[in-house]
Asks: 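Right, I'll just put the structure down here and ask away after.
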Amino acid sequence: MPGGQRGTRLTLIRHGQTAWNQDGRIQGHIDIALNAHGLRQAQAMAQALADETDIACIYSSDLARAWQTAQALQARLGKPLQAEAGLRERCFGQLQGLSVAQICAQDPQRARAFQSREPDYQPPQGESLRQFAQRAWACVARLAAAHAGQHIALVTHGGVLDVLYRQATGLDLQAARSWSIENTSIHRLLCTPQGLRLLAWGDVAHLDALPAPQPGPQALGTQHFV
């Protein structure tokens, strides 16, 4: 288990908003940059964490939307920033670029498997939910083990945060979600020899002063998984 006898504090951050988030399109591994509102969110998040000087290192998904978010935090804290492909969103293969409405219209059976979170459903050229969860947890466990007793920041994606929440709380991959994962939301976990422990979840107070983003369809819940 990670961390030897010492726990590793994890501050986890979802990337800022993109145009595809607004449109409800599945991004997965498609490399979409932050939009103007997402850049403002990233700056607000960095300001909110400016006093957390005990953060030893920042790790980020290498996809642009996460990397740009992490760069805002790195500029504020002056701590090392490293790309980590293991923190990428789930690869949705041929579903990437589509909205759930488009998937439903094209292939209702595939849409049912996607929406019901069937753990072993694998989109063509993509990852199953179970494969993705195992990959994300293995990455986080490895990073925590490398920083036993320290505090590190991880900038990642909604899907990664979702499976880590489930890992920490013992919830099944198919359990209905009752927790939020907003753009640039801040989450706290402790990684110990016994596993993950939830400390705090879903802090978005830093976004209160920002103007509301332009509305988009955010179709059928895809915004938390892309």
Side-chain angles (χ1 to χ4, degrees), residues 12-46 58-75 81-106 110-111 114-115 117 122-129 131-133 135-136 139 153-164 177 180-187 202 204 206-207 210-226:
L12 301 109
I13 301 135
R14 189 186 174 202
H15 64 79
Q17 187 188 77
T18 71
W20 281 25
N21 288 143
Q22 283 188 294
D23 293 342
R25 295 171 68 183
I26 298 170
Q27 291 173 121
H29 283 194
I30 301 296
D31 207 10
I32 307 299
L34 298 181
N35 62 15
H37 187 69
L39 291 169
R40 289 191 292 269
Q41 289 176 320
Q43 291 297 327
M45 174 277 299
I58 305 165
Y59 290 94
S60 173
S61 159
D62 59 349
L63 296 175
R65 57 193 185 273
W67 187 253
Q68 287 178 290
T69 305
Q71 285 180 312
L73 183 59
Q74 195 275 334
L81 170 60
Q82 298 184 41
E84 175 51 70
L87 293 174
R88 282 187 176 196
E89 181 60 274
R90 178 181 172 186
C91 180
F92 291 98
Q94 292 182 7
L95 303 185
Q96 293 174 165
L98 302 176
S99 68
V100 173
Q102 289 173 317
I103 298 170
C104 290
Q106 293 178 12
R110 181 179 292 177
F114 174 73
Q115 290 180 289
R117 299 180 58 89
Q122 188 170 358
Q125 301 176 18
E127 293 175 289
S128 72
L129 183 55
Q131 289 171 334
F132 166 60
R135 184 253 291 174
C139 175
L154 309 179
V155 183
T156 185
H157 304 264
V160 173
L161 292 164
D162 179 75
V163 298
L164 292 177
R177 180 189 290 182
S180 64
I181 308 175
E182 304 300 329
N183 291 113
T184 67
S185 51
I186 299 169
H187 317 274
V204 291
H206 54 282
L207 301 180
L210 293 184
Q214 292 298 310
Q218 300 269 14
L220 294 176
T222 60
Q223 64 267 33
H224 291 321
F225 293 90
V226 294

Asks: Hey, does L98 have a side-chain heavy atom less than 4.5 Å from the side chain of Q106?
Replies: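 Side-chain contact under 4.5 Å: yes.
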
Asks: Please answer whether the main-chain N or O of R40 pairs with a side-chain N or O of Q43 as donor and acceptor at a distance below 3.5 Å.
Replies: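 Here the side-chain-to-backbone pair does not exist.
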
Asks: For a side chain to side chain donor-acceptor pair (under 3.5 Å) with D162, tell me which candidate from R117, H157, R90 qualifies.
Replies: R117

Asks: Looking at D62 and A85, would you say the former's side chain and the latter's main chain have a donor-acceptor pair under 3.5 Å?
Replies: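 No.
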
Asks: State the CG-CD distance between L73 and Q68, to the nearest 0.5 angstrom.
Replies: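 One gets 14.5 Å once the value is rounded to the nearest 0.5 Å.
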
Asks: Which heavy-atom pair separates S185 from H206 by the least distance, and what is that distance?
Replies: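 So the minimum-distance heavy-atom pair works out to CA-CE1, 4.5 Å.
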
Asks: Looking at CG of L34 and CD of Q41, how far apart are the two atoms once the value is rounded to the nearest 0.5 Å?
Replies: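 If we round to the nearest 0.5 Å, L34:CG and Q41:CD are 8.0 Å apart.
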
Asks: Give, for atom CD of E84 and atom CG of L154, the distance between the pair rounded to the nearest 0.5 Å.
Replies: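 Atom-to-atom, E84:CD and L154:CG are 9.0 Å apart.
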
Asks: Under a 4.5 Å cut-off applied to non-hydrogen side-chain atoms, are R14 and T156 in contact?
Replies: no

Asks: Is there side-chain contact between R65 and E89, with heavy atoms separated by less than 4.5 Å?
Replies: yes

Asks: Is any side-chain heavy atom of F132 closer than 4.5 Å to one of V160?
Replies: yes

Asks: Is the closest side-chain heavy-atom distance between T69 and S60 below 4.5 Å?
Replies: no

Asks: Minimum heavy-atom separation for A64 to D31, with atom names?
Replies: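 Nearest pair, atom of A64 first, then D31: N-OD1, 2.5 Å.
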
Asks: Does the side chain of R110 reach to within under 4.5 Å of the side chain of L95, using non-hydrogen atoms?
Replies: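 SC-SC contact between R110 and L95 confirmed.
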
Asks: What residues, two or more places apart in sequence or in another chain, satisfy salt bridge (charged side-chain N to carboxylate O under 4.0 Å, His left out) together with R135?
Replies: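 Counting only residues at least two positions away or on another chain, R135 forms a salt bridge (charged side-chain N to carboxylate O under 4.0 Å, His left out) with E127.
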
Asks: Can you list the steps and then say if I26 with W20 is a side chain to side chain contact (heavy atoms under 4.5 Å, CB included)?
Replies: CA-CA 7 Å; I26 298 170; W20 281 25; over 6 Å; no

Asks: Sequence neighbours excluded, which residues qualify as side-chain contact (heavy atoms from CB on, under 4.5 Å) partners of A133?
Replies: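 Result, side-chain contact (heavy atoms from CB on, under 4.5 Å) vs A133: V163, L173.
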
Asks: Once you round to the nearest 0.5 Å, how far does CD of Q125 lie from CD of Q94?
Replies: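 So the gap between those two atoms works out to 4.5 Å.
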
Asks: For the CG atom of L87 and the CG atom of L161, what is their distance to the nearest 0.5 Å?
Replies: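 Answer rounded to 0.5 Å: 9.5 Å.
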
Asks: Can you give me the closest heavy-atom contact between A70 and I58, atom names plus distance?
Replies: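 For A70 and I58, the tightest heavy-atom pair comes out as CB-CG2, 4.3 Å.
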
Asks: Would you say the side-chain atoms of H15 pair up with the backbone N or O of L63, donor to acceptor, closer than 3.5 Å?
Replies: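 Not at all, since once roles are kept as given, no pair shorter than 3.5 Å links the two residues.
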
Asks: Does some side-chain heavy atom of I30 sit less than 4.5 Å from a side-chain heavy atom of R25?
Replies: no

Asks: To check you understand the geometry: which heavy-atom pair defines the closest contact between A42 and A72, and what is its length?
Replies: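 Looking at all heavy atoms of both residues, the shortest contact is O-CB, 3.7 Å.
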
Asks: Contact between C91 and Q96 at the side-chain level, heavy atoms closer than 4.5 Å - yes or no?
Replies: yes

Asks: Nearest 0.5 Å, please: how far is NE2 in H37 from CG in N183?
Replies: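 Between atom CG of N183 and atom NE2 of H37 there are 7.5 Å.
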
